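Just below is one structure, and these are the notes that go with it.
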Amino acid sequence: MSTSREMLTTSTMLVGGAQALLIDPAWLPDELDARAASVRETGLNVIGGFSTHAHHDHLLWHPGFGAAPRWASQKTAQLAAAERSSLVEQLGPSFPRHLAGLVGLVRGIEAVIPEESVPAGFEVELVIHDGHAPGHTALWLPRQGVLVAGDMLSDVEVPLPFDPDDLAAYLEALDRLAPYADAADVVVPGHGHVGPDARARLDADRRYLDDMMRRGASDDPRAANPANADDHDRLRRLIRRLER
């Protein structure tokens, strides 16, 4: 696992022997170059990639990772294809063209990552929901007790019911993730820090959303972080619209 200097974005690599599955490799060009160099220097064979959802910082790739198939939920793959121009634009004009050209080239799957893309020693269960984005997917690794949560269960970001603005779907997603959070020894968020506190994070997200729906404010320390001000205000406006 590695963390980008941009938004504390995490990249996860499942390694079994000489094989690797890359989850959400991110995200700045020099960081992707470094990840590719590490793969080359360690002699790893990347046998697959997985994108947890169709946001630009989770759909990246590098030529140095090779031509392994890249997977995502069906909804994520559909959105990645339909919105590809916009996703590339969000990377900014200075993003290298040889990397921008690889954004979002994922194949949709229904329930499981094909066996040929899963390294030895791992079982991967996909937990697909619509909490943060349509088809958003967490990955549960039962042998390791690890929950790779995508852009949920963050210790630094407030809950983000984005794309679409569906608060009900986010609450349902927390219900869907609850048994995995209970069983997890480690949670890996899409942005933030790896920790042993998956259930505590899930409960904090529920309290935050309950407080915002009930009184339009929250004492959650993440809400006081200036970096989250726009997202906090966006949720407040969303709840006001829903109340009309």
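Values below: all heavy atoms of this structure, side chains included; hydrogens, waters and symmetry mates excluded. Given the structure is predicted, the values throughout are model-derived calculations rather than measurements.
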ILVMFWY cluster, Val148 and Phe122 together (side-chain gap under 4.5 Å): yes

Test item: Asp155 side-chain N/O and Gly192 main-chain N/O as donor-acceptor pair under 3.5 Å: no

Could you pull out all donor-acceptor pairs under 3.5 Å where a side-chain atom in residues 87-113 meets a protein atom, sequence neighbours excluded?
unit_1: Gln90; atom_1: OE1; unit_2: His56; atom_2: ND1; d: 3.0
unit_1: Gln90; atom_1: NE2; unit_2: Ser86; atom_2: O; d: 3.4
unit_1: Gln90; atom_1: NE2; unit_2: Ser86; atom_2: OG; d: 3.2

Minimum heavy-atom distance between Ser51 and Thr76, given as atom pair plus value: O-CG2, 4.3 Å

Side-chain H-bond candidate by donor/acceptor type, Tyr170 with His136, under 3.5 Å: no

Salt bridge (Lys or Arg N to Asp or Glu O under 4.0 Å) involving Arg84 - partner list, sequence neighbours excluded: none

Which atom of His55 lies closest to which atom of Ala133, heavy atoms considered: NE2-CB, 4.0 Å

Salt bridge flag under 4.0 Å for residues Arg201 and Asp197: yes

Same apolar cluster: Leu59 and Leu79, side chain cutoff 4.5 Å: no

Heavy-atom check, side chain of Met213 versus side chain of Leu171, under 4.5 Å: yes

Value rounded to 0.5 Å, distance of CG in Leu209 from CZ in Arg214: 11.5 Å

Electrostatic pair Arg5:Asp30 at N-O distance under 4.0 angstrom: yes

For Leu167 against Leu238, the heavy-atom pair lying closest together: CB-CD2, 4.5 Å

Pair Asp211-Asp219, side-chain contact (heavy atoms from CB on, under 4.5 Å): steps then yes or no: CA-CA 8 Å; Asp211 286 344; Asp219 297 328; 5.6 Å; no

His62 and Phe65 aromatic ring geometry - parallel, tilted or perpendicular at 30°/60° bounds: tilted

salt_bridge(Asp130, Arg176) N-O dist < 4.0 Å: no

Leu174 and Met152: CA distance, side-chain angles, deciding distance, side-chain contact (heavy atoms from CB on, under 4.5 Å) verdict: CA-CA 9 Å; Leu174 291 176; Met152 295 185 71; 3.8 Å; yes

Rounded distance (nearest 0.5 Å) linking atom OG of Ser154 with atom CG of Asn228: 8.0 Å

Salt bridge flag under 4.0 Å for residues Arg234 and Asp231: no

Side-chain (Trp61) to main-chain (Gly66) donor-acceptor, under 3.5 angstrom: yes

Side chain Arg222, main chain Val158, donor-acceptor under 3.5 Å: no

Atom pair CG (Leu60) and OG (Ser11), whose distance is rounded to the nearest 0.5 Å: 8.5 Å

Step-by-step side-chain contact (heavy atoms from CB on, under 4.5 Å) determination, Glu31 to Thr9: CA-CA 11 Å; Glu31 294 170 340; Thr9 309; over 6 Å; no

Minimum-distance pair of heavy atoms, taken over all atoms of Gly131 and Ala173: CA-CB, 3.6 Å

Residue pair Asp233, Arg237: steps toward the salt bridge (Lys or Arg N to Asp or Glu O under 4.0 Å) verdict: CA-CA 6 Å; Asp233 289 341; Arg237 293 193 299 272; 5.2 Å; no

From CZ (Arg70) to OG (Ser117), nearest 0.5 Å: 12.0 Å

same_hphob_cluster(Val124, Met13) at 4.5 Å side-chain heavy-atom cutoff: no

Side-chain hydrophobic cluster, 4.5 Å single linkage: members besides Val156: Leu8

Contact summary for Ala77 and Ala72, nearest pair of heavy atoms: N-CB, 4.3 Å

Within 6.0 angstrom of Glu115 CD, more than 12 heavy atoms from elsewhere: no

Contact check, side chains of Arg206 and Asp175, non-hydrogen atoms, under 4.5 Å: yes

Output a table of donor-acceptor pairs, distance under 3.5 Å, between side-chain atoms of residues 40-48 and any protein atom two or more places apart or on a different chain; print 'none' if there are none.
unit_1: Thr42; atom_1: OG1; unit_2: Ser38; atom_2: O; d: 2.7
unit_1: Thr42; atom_1: OG1; unit_2: Val39; atom_2: O; d: 3.3

ILVMFWY cluster, Trp71 and Val188 together (side-chain gap under 4.5 Å): yes

Side chains of Leu126 and Leu139 in contact at under 4.5 Å (non-hydrogen atoms): yes

Solution key, residues 14-29 side-chain donor-acceptor pairs under 3.5 Å, sequence neighbours excluded:
unit_1: Asp24; atom_1: OD1; unit_2: Thr52; atom_2: N; d: 2.9
unit_1: Asp24; atom_1: OD2; unit_2: Thr52; atom_2: OG1; d: 2.7
unit_1: Asp24; atom_1: OD2; unit_2: His58; atom_2: ND1; d: 2.9

Residue Asp230 excluded, over 12 heavy atoms near CG under 6.0 Å: no

Pairs involving residues 142-152, ordered by first then second residue, that meet salt bridge (charged side-chain N to carboxylate O under 4.0 Å, His left out) (sequence neighbours left out): Glu123-Arg143

Nearest non-hydrogen partners of Ser4 and Glu6, listed with the distance: OG-N, 2.9 Å

Point-to-point distance, once rounded to the nearest 0.5 Å, from CD1 of Ile128 to OG1 of Thr137: 4.5 Å

